[in-house]
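Quick caveat: nothing in here was measured; it's all calculated off a predicted structure.
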Amino acid sequence: LHVVDQGGSRHRRRSGCSHATTVGVNESPQDFSEDYITWSIGPSLKRLRTDRLDLAMLHNPRSSEQVQRVVTDSVPALCELRSEGVIGAV
């Protein structure tokens, strides 16, 4: 994505553009914990120079243990961020 606003503002011009990120990607192994999911949104916002994401996607949980962690930790964390207005959709 090309950064439109070079003036130091965290906001980006959004005409025709959506901001999305994947979460759950850690060095190794993948991390779908509530703490990591909540923390990882911050660096994404900073990289995209915005204060809100239109979409947050979970990055490919592979094992049944990871899927269970998504259900118990990741989805509630993302729903909380959505209710706070930080992300628009999960």
Side-chain angles (χ1 to χ4, degrees):
L1 294 172
H2 183 276
V3 176
V4 178
D5 180 7
Q6 299 288 333
S9 170
R10 289 188 59 192
H11 298 278
R12 289 191 49 172
R13 205 172 306 154
R14 287 184 175 243
S15 84
C17 177
S18 295
H19 292 91
T21 193
T22 55
V23 294
V25 181
N26 198 351
E27 293 299 319
S28 183
Q30 289 176 290
D31 190 347
F32 296 102
S33 68
E34 180 178 0
D35 288 341
Y36 184 74
I37 297 299
T38 302
W39 173 85
S40 68
I41 293 294
S44 291
L45 293 169
K46 187 175 181 176
R47 280 189 302 274
L48 293 168
R49 295 185 181 185
T50 190
D51 59 357
R52 184 177 184 283
L53 297 168
D54 298 298
L55 175 65
M57 301 170 283
L58 292 165
H59 191 275
N60 194 23
R62 295 183 186 115
S63 69
S64 59
E65 180 180 280
Q66 287 176 333
V67 171
Q68 183 59 41
R69 191 84 190 247
V70 164
V71 171
T72 60
D73 287 0
S74 304
V75 171
L78 291 169
C79 288
E80 178 64 26
L81 290 166
R82 186 180 62 195
S83 73
E84 293 171 4
V86 176
I87 58 177
V90 177

Worksheet item: Distance from Lys46 atom NZ to Ile41 atom CD1, nearest 0.5 Å?
Response: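 Lys46 NZ to Ile41 CD1: 15.5 Å, rounded to 0.5 Å.
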Practice prompt. Find the distance between NE2 (His19) and CG (Leu48) and round it off to the nearest 0.5 Å.
Written response: 5.5 Å
Worksheet item: Could you walk me through whether Val23 and Leu58 pass the side-chain contact (heavy atoms from CB on, under 4.5 Å) check?
Response: CA-CA 5 Å; Val23 294; Leu58 292 165; 3.7 Å; yes
Practice prompt. Just jot down the side-chain hydrogen bond (donor to acceptor under 3.5 Å, both in side chains) partners of Thr38, sequence neighbours excluded, or say none.
Written response: none
Worksheet entry | Partner residues of Thr72 under the side-chain hydrogen bond (donor to acceptor under 3.5 Å, both in side chains) criterion, sequence neighbours left out |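 Result, side-chain hydrogen bond (donor to acceptor under 3.5 Å, both in side chains) vs Thr72: none returned.
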Fill in: Residues in side-chain contact (heavy atoms from CB on, under 4.5 Å) contact with Val90, at least two apart in sequence or another chain
Leu78, Ile87
Return the minimal non-hydrogen interatomic distance between [X] and [Y], and the atom names on each side.
| X | Y | result |
| --- | --- | --- |
| Cys17 | Asp54 | O-OD2, 4.3 Å |
| Gly88 | Arg52 | CA-NH2, 3.2 Å |
| Ile37 | Gly24 | CD1-N, 3.7 Å |

Worksheet item: So which residues get pulled into Met57's cluster when ILVMFWY side chains under 4.5 Å apart are joined, directly or through others?
Response: Leu55
Response to the item:
Residue pairs passing the salt bridge (charged side-chain N to carboxylate O under 4.0 Å, His left out) test with at least one member in residues 73-85, sequence neighbours excluded, are Arg69-Asp73
Worksheet item: Within a strict 4.5 Å, meaning less than it, do heavy atoms of the Val70 and Val75 side chains meet?
Response: yes
Worksheet item: Pairs in or reaching into residues 51-90: which pass ring pair (Phe, Tyr, Trp, His ring centres under 6.0 Å), with residues at least two apart or in two chains?
Response: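 Listed once each, the pairs would be none.
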